[in-house]
Each structure stands twice: as structure tokens, then as C-alpha cells.
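A quick write-up on the structure given underneath.
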Amino acid sequence: MENFYQFGALVSAITFSGAGIFIKKINTRNFFSIPFYEGLFSVLVMLGIIILLNNWQDTMSANSSSIVINFIIAATLSSTGTMIYIFSLSRTSIGIALTVCAAFNVLTASTYDYIINSISFDVLFFIGAALILISIFILNIKSFFSKNKINLIGVFGAILTGIFWGSAVFFNDKALIESNIFTASVIRSLTAMVVMFTASIFFSKKINFAKDIKIFKLFLVTVILLFLSNIIWFVSLEYTTGSLTTIFGSSAPIFGIILGYIFLKEKIGKIELLSLVVALSGIAIMISI
């Protein structure tokens with residue numbers, strides 16, 4: 001059964017990568033609109049499910065103030081990390097930012113699990129995790145050899161992003177022990193909406209809604225995929241460790257290559273093919289544990 005939930009983390013990575021494909025098709029430069037409306041969509045859907053299942057009493061009774069606070073802290077860290085990630089992308093290449101962020105995300109989540117949750121890791125865990133992170137490095141190796149694309153401030157921003165996201169995993173994991181994904185999703189979405197709205201005002205970026213019917217369809221599919229990715233991620237986190245869920249989540253760029261090839265007709269070169277093989281090997285080892 002545990003392997004099933006591990007697989008769920010991979011499905012979350014795939015749906016997240018799929019959302020990236022549609023975001024690329026939309027080609028928007030407003031980074032706040034999609035997360036804001038995804039949060040709104042998530043709140044409405046989750047509240048609808050709670051009403052449909054008549055699950056208000058169970059949802060509310062399982063949540064103390066400390067649990068709600070942990071969820072809010074997690075959502076705030078995650079949303080703030082996203083803002084910092086956007087900033088780091090403005091200073092350095094996406095390849096470097098993605099690689100550094102993934103590494104520190106996994107390192108932070110694993111450190112929490114080892115020190116605070118007293119979870120021990122075997123050799124296969126380290127080998128599988130290392131292969132997945134190495135695959136991300138291979139995928140973006142050209143960025144590290146381009147002096148014009150490396151910026152220390154951008155790299156530092158990516159490090160902070162990884163730490164923030166890894167810390168968010170810990171607080172979500174901690175709260176889910178005594179709560180459920182309904183509360184987690186609603187609080188995450190509401191907090192993300194507040195953070196994104198505040199950030200849009202601070203950066204003078206108006207939150208827009210797609211008016212063109214073609215863009216609206218892409219916008220809607222993107223929001224749905226992001227919603228599914230977050231829900232499946234929460235389910236996986238509820239039944240597995242934060243470090244394991246984070247590692248599988250870090251494989252999203254690898255699935256992005258496959259989806260980009262299928263839907264965007266992007267070419268897969270030797271480097272991309274090598275990163276795919278290394279990543280899939282790491283995933284196979286992690287699932288076999």
C-alpha cells in the first residue's frame with residue numbers, strides 16, 4: 001500500500017509538469033494570476049466536496065488551533081518560497097534555480113525527518129534520491145557552464161526557496177497527522193490567495209482573468225491540473241514521509257521533458273535522454289524500498 005502512495009507523489013509530479021505545459025502555452029508574464037485563481041478554484045471545489053459528503057463535523061472537530069496554525073505556516077512558507085523563486089529566476093537561469101532549489105528542498109525535508117521525526121534512511125534511499133537530483137543537474141548542466149547565467153543573488157534566492165518549500169513540507173506533514181486533506185487544501189488555498197494578492201499589489205501586477213476563449217480553456221485546464229497536483233500531493237504526504245514525497249516531487253522537470261516532447265514537439269537531445277534514464281533509475285530504486 002505504501003508503494004501506491006509513493007506512486008501518488010509521482011502522479012502529482014506528472015500533473016504539475018502538465019500544468020507547466022499549459023502555462024507555457026498561455027505565455028503569461030503575470031506570475032500571480034494563475035496561483036490566485038487556482039487557490040480560488042481549490043477552495044470552491046473542496047468546500048463543495050465537504051458539503052456533498054456532509055463532512056463538516058469531522059473536518060472541524062479534527063482541527064485544533066495548533067493544527068490550523070501549522071497549515072497556515074506551511075502555506076505561507078510555500079507561497080513566499082514561490083515569490084522568492086520568481087525573484088531568483090529574474091537574476092539567474094531557470095536551470096540553475098531549479099537544480100539548486102530541488103537540492104535544498106530535498107535536503108531540508110530530509111533533515112526535518114531525520115532530526116525531528118527520527119526517521120532513518122537506508123543506502124537505497126540515498127542512492128535513489130541522489131540519482132533523481134543528479135538527473136536534474138544533468139538536465140540543466142549547460143546553465144552551470146555559462147558564466148553569464150550565474151548570479152549569486154539568484155542562487156541565494158533558489159537556496160532560500162528550497163529551504164522554505166522543504167520547511168513547508170514539514171509543517172504540512174506535522175498537521176496532517178491529526179487532520180485531513182480537506183482542511184489542508186482549504187487553508188493552503190486561502191493563504192496562497194492572500195499572499196498572491198498582496199504580492200500583486202506590492203509588485204504592481206494586476207491579477208488578470210483570461211478573456212479570450214482559447215486562453216480561458218488553457219487557463220482552466222492549468223488550474224485544474226494544479227489543483228489535482230496539490231490534492232494528490234497532500235494524499236501522498238499524509239501516508240508517506242515528507243522527504244520521500246519531496247524527492248518524488250522533485251522529479252517534475254523530468255516528466256516535463258516527456259510531456260514537452262508529446263505536446264509541444266520539443267526535441268529530446270542526448271543530455272535530456274541521459275537525465276531521463278538516470279531519473280527513472282532513481283525512481284525505480286525508491287519505489288523498490
Side-chain angles (χ1 to χ4, degrees), residues 7-50 71 74-86 89 94 97-98 101-102 105 161 164-165 168-169 172 176 181-200 205 207-210 214-238 245-246 248-260 262-264:
F7 183 74
L10 290 176
V11 175
S12 175
I14 293 172
T15 51
F16 185 79
S17 300
I21 296 297
F22 287 98
I23 289 174
K24 192 170 183 178
K25 284 189 174 184
I26 294 173
N27 194 29
T28 179
R29 292 187 177 182
N30 191 332
F31 298 102
F32 309 113
S33 296
I34 291 177
F36 177 86
Y37 284 111
E38 184 275 324
L40 179 61
F41 179 84
S42 297
V43 169
L44 294 177
V45 171
M46 294 310 294
L47 290 178
I49 293 175
I50 292 173
F71 277 136
T76 303
L77 286 170
S78 179
S79 299
T80 304
T82 300
M83 296 297 100
I84 297 174
Y85 184 64
I86 294 172
L89 290 179
I94 187 172
L98 185 63
C101 175
N105 189 9
T161 299
F164 274 45
W165 284 353
V169 171
N172 274 320
L176 281 170
I181 63 171
F182 296 106
T183 304
S185 179
V186 171
I187 294 178
R188 177 201 69 82
S189 302
L190 288 174
T191 306
M193 288 174 64
V194 172
V195 172
M196 293 300 169
F197 181 75
T198 303
S200 68
K205 291 284 187 178
I207 293 179
N208 299 318
F209 191 76
K214 183 179 179 181
I215 299 298
F216 173 77
K217 290 179 179 178
L218 293 175
F219 194 92
L220 182 61
V221 172
T222 301
V223 166
I224 292 173
L225 285 173
L226 288 173
F227 165 73
L228 290 174
S229 177
N230 282 303
I231 291 299
I232 296 170
W233 185 87
F234 272 124
V235 172
S236 175
L237 181 61
E238 188 173 13
T245 304
T246 302
F248 280 132
S250 297
S251 64
I254 305 303
F255 291 108
I257 296 175
I258 300 174
L259 295 177
I262 296 174
F263 295 104
L264 299 178

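Starting from 1, each residue takes its place in the sequence as its number. Small disclaimer: the values here were computed from a predicted structure and weren't measured.
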Side-chain atoms of residues 223-234: list all donor-acceptor pairs with protein atoms under 3.5 Å, sequence neighbours left out, distances to 0.1 Å.
from: Ser229; atom 1: OG; to: Ser12; atom 2: O; distance (Å): 2.9
from: Ser229; atom 1: OG; to: Ser12; atom 2: OG; distance (Å): 3.2
from: Asn230; atom 1: ND2; to: Leu226; atom 2: O; distance (Å): 2.9

(Q) With a 3.5 Å distance limit and no angle check, can you tell me whether Ser189 reaches the backbone of Ser185 through a side-chain donor-acceptor pair? (A) yes

Q. Can any side-chain N or O of Ser200 pair as donor or acceptor with the backbone N or O of Phe197 at less than 3.5 Å?
A. yes

**Q.** Verdict with reasoning, Phe71 to Asn172, per side-chain contact (heavy atoms from CB on, under 4.5 Å)
**A.** CA-CA 6 Å; Phe71 277 136; Asn172 274 320; 3.4 Å; yes

**Q.** Atom of Thr80, atom of Phe164 and distance for their closest heavy-atom approach
**A.** CG2-CE2, 3.6 Å

Q: Of all the heavy-atom pairs spanning Phe248 and Ala9, show the shortest one and how long it is.
A: CB-CB, 3.6 Å

Q: Go through Leu190 and Val186 one step at a time and tell me if the side-chain contact (heavy atoms from CB on, under 4.5 Å) criterion holds.
A: CA-CA 6 Å; Leu190 288 174; Val186 171; 3.9 Å; yes

Q. Please, which pairs that meet salt bridge (charged side-chain N to carboxylate O under 4.0 Å, His left out) have at least one residue in residues 76-86, sequence neighbours excluded?
A.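 Found none.
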
Can you give each donor-acceptor pair under 3.5 Å made by side-chain atoms of residues 38-48, sequence neighbours left out, with the distance rounded to 0.1 Å?
from: Glu38; atom 1: OE1; to: Arg188; atom 2: NH1; distance (Å): 3.4
from: Glu38; atom 1: OE1; to: Arg188; atom 2: NH2; distance (Å): 3.4
from: Glu38; atom 1: OE2; to: Ser42; atom 2: OG; distance (Å): 2.6
from: Glu38; atom 1: OE2; to: Arg188; atom 2: NH2; distance (Å): 2.9
from: Ser42; atom 1: OG; to: Glu38; atom 2: O; distance (Å): 2.8
from: Ser42; atom 1: OG; to: Arg188; atom 2: NH2; distance (Å): 3.4

Q: Drop me the distance from Leu237's CG to Thr246's OG1, to the nearest 0.5 angstrom.
A: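 Separation between the atoms: 7.5 Å.
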
**Q.** Rounded distance (nearest 0.5 Å) linking atom OG1 of Thr245 with atom CG of Leu10
**A.**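 The OG1 atom of Thr245 sits 10.0 Å away from the CG atom of Leu10.
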
